[in-house]
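Letters A, B, ... mirror the listed sequences (proteins, then strands); counts begin at 1. Everything quoted here is computed from the prediction, not taken from an experiment.
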Amino acid sequence: MGIADYFRERRSRRNSASVAKERLQIIVSHERAERGGPDYLPMLRQELLEVVRRYVTVDPDAVRVEVERDGPHEVLELNITLPEQSGSEVSTQHGG
Amino acid sequence: MARIVVITSGKGGVGKTTTAASLAAGLAKAGHRTAVIDFDVGLRNLDLVMGCERRVVFDFVNVINGDARLHQALIKDKRLENLAILPASQTRDKEALTPEGVERVLEELRQDFDYVICDSPAGIERGAHLASYHADDAVVVTNPEVSSVRDSDRVLGLLASRTRRAEEGMDPVREHLLLTRYDPQRVKKGDMLSVDDVQEILAINLLGVIPESKDVLNASNAGIPVVLEEDADAGQAYEDAIARYLGEERPHRFLEVERRGLFGRMFGG
Ligand SMILES: Nc1ncnc2c1ncn2[C@@H]1O[C@H](COP(=O)(O)OP(=O)(O)O)[C@@H](O)[C@H]1O
Ligand SMILES: [Mg+2]
């Protein structure tokens, strides 16, 4: 490999460590959100995803379900991110 | 009263047993009475890494079943008088360790030792749970690699919820990150997560960084905990980590690429 190729390759290659870090931050934050919550959260998330997908094509990680404490209440928070072109995020909250 | 320290990771093959052997040897060398237990039922390995495999007579399961007394099963290290090893059983029966049996053995060890090191099996199931349940401290062994970091985060979740300290509402288990098999050269090239990246994601106290080193294999071939090899970079890194565990402040070494000539820098691997 010549010197020119060497530098070209260095420039074009995407830094794999930064890709790894980004992916990890996303998956770890998802898993932390589900952790400590009720056991049914992952199932609920999965079923909601299936329902949403009947109407809109979304990424597998587009649906987020979290339980948060708010004083004496537990709040189930749903976040559904729609794809770019529809340009909006639907968010509903339900106290319980 | 001893402190119980679990060496854990979730993922297998990241360096738990290597770390358990060196942490135990290092603490004993520093003058602390230390016992190290192999919890990896069916995959006994710690005895080999510590070089006492030919002196195993009884094991952890024998003690739990009442077939042997604890002092009969404990192997005294030949190099360090403060150090004892409790080997794992080779049985295929994963149920052989019972929660009550583990508790009884740990309580007995607590009386006679300053530190009890528990070398956890991989995974987050039964064996790993038993190894971490009584822990006061946890050393989370992590490689700079996506699946290892993710598993470490899961393990942190378990330490915060499924240990005796969590269940009984005591102070939480003290968590320490030990990043092992670190290759500064690859970090510099952008091929490997850096220590800062991993720490940012896991957000726990950094105990040390152990470089990827051929000395680790050489030491385990010889049955010597690498921390006792004074010329080995990985051994020195373990020694620093142990000093930090004991409360000393030490700068982190082995994080930077060693200086090489221009030629080496341009064409080096
Ligand atoms: N810092 C290191 N550098 C090079 N090899 C290492 C290092 N730490 C561990 N290893 C090697 O990795 C393998 C797995 O280590 P081990 O301690 O048995 O992991 P675990 O107990 O987590 O399964 C062994 O072959 C060991 O020699
Ligand atoms: Mg092991």
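- For the atom pair CG (A:Asn15) and CG (B:Asp191), the distance works out to 7.5 Å, reported to the nearest 0.5 Å.
- In this structure, chain A has no heavy atom under 4.5 Å from any part of B:Arg186.
- Residue B:Glu200 holds its CD atom at 5.5 Å from CD of A:Gln25, rounded to the nearest 0.5 Å.
- In this structure B:Tyr182 satisfies the ring-ring contact (aromatic ring centres under 6.0 Å, His included) test with no other residue, sequence neighbours excluded.
- Shown are B:Asp197, B:Val149, B:Val198, B:Asp196; of these, the side-chain contact (heavy atoms from CB on, under 4.5 Å) with A:Lys21 is made only by B:Asp197.
- Here the CD1-OG distance, from A:Ile27 to B:Ser147, works out to 12.0 Å after rounding to the nearest 0.5 Å.
- Across all their heavy atoms, A:Arg32 and B:Leu202 have their closest contact at NH2-CA, 4.0 Å.
- Other residues, nucleotides and ligands contribute over 12 non-hydrogen atoms within 6.0 Å of the CE atom of B:Met170.
- Within 6.0 Å of CD on A:Glu31 lie more than 12 heavy atoms contributed by other residues, nucleotides or ligands.
- Proximity to chain A at a heavy-atom threshold of 4.5 Å picks out B:Val146 from residues 116-146 of chain B, in numerical order.
- Within a 6.0 Å radius of CG in B:Asp93, other residues, nucleotides and ligands contribute more than 12 heavy atoms.
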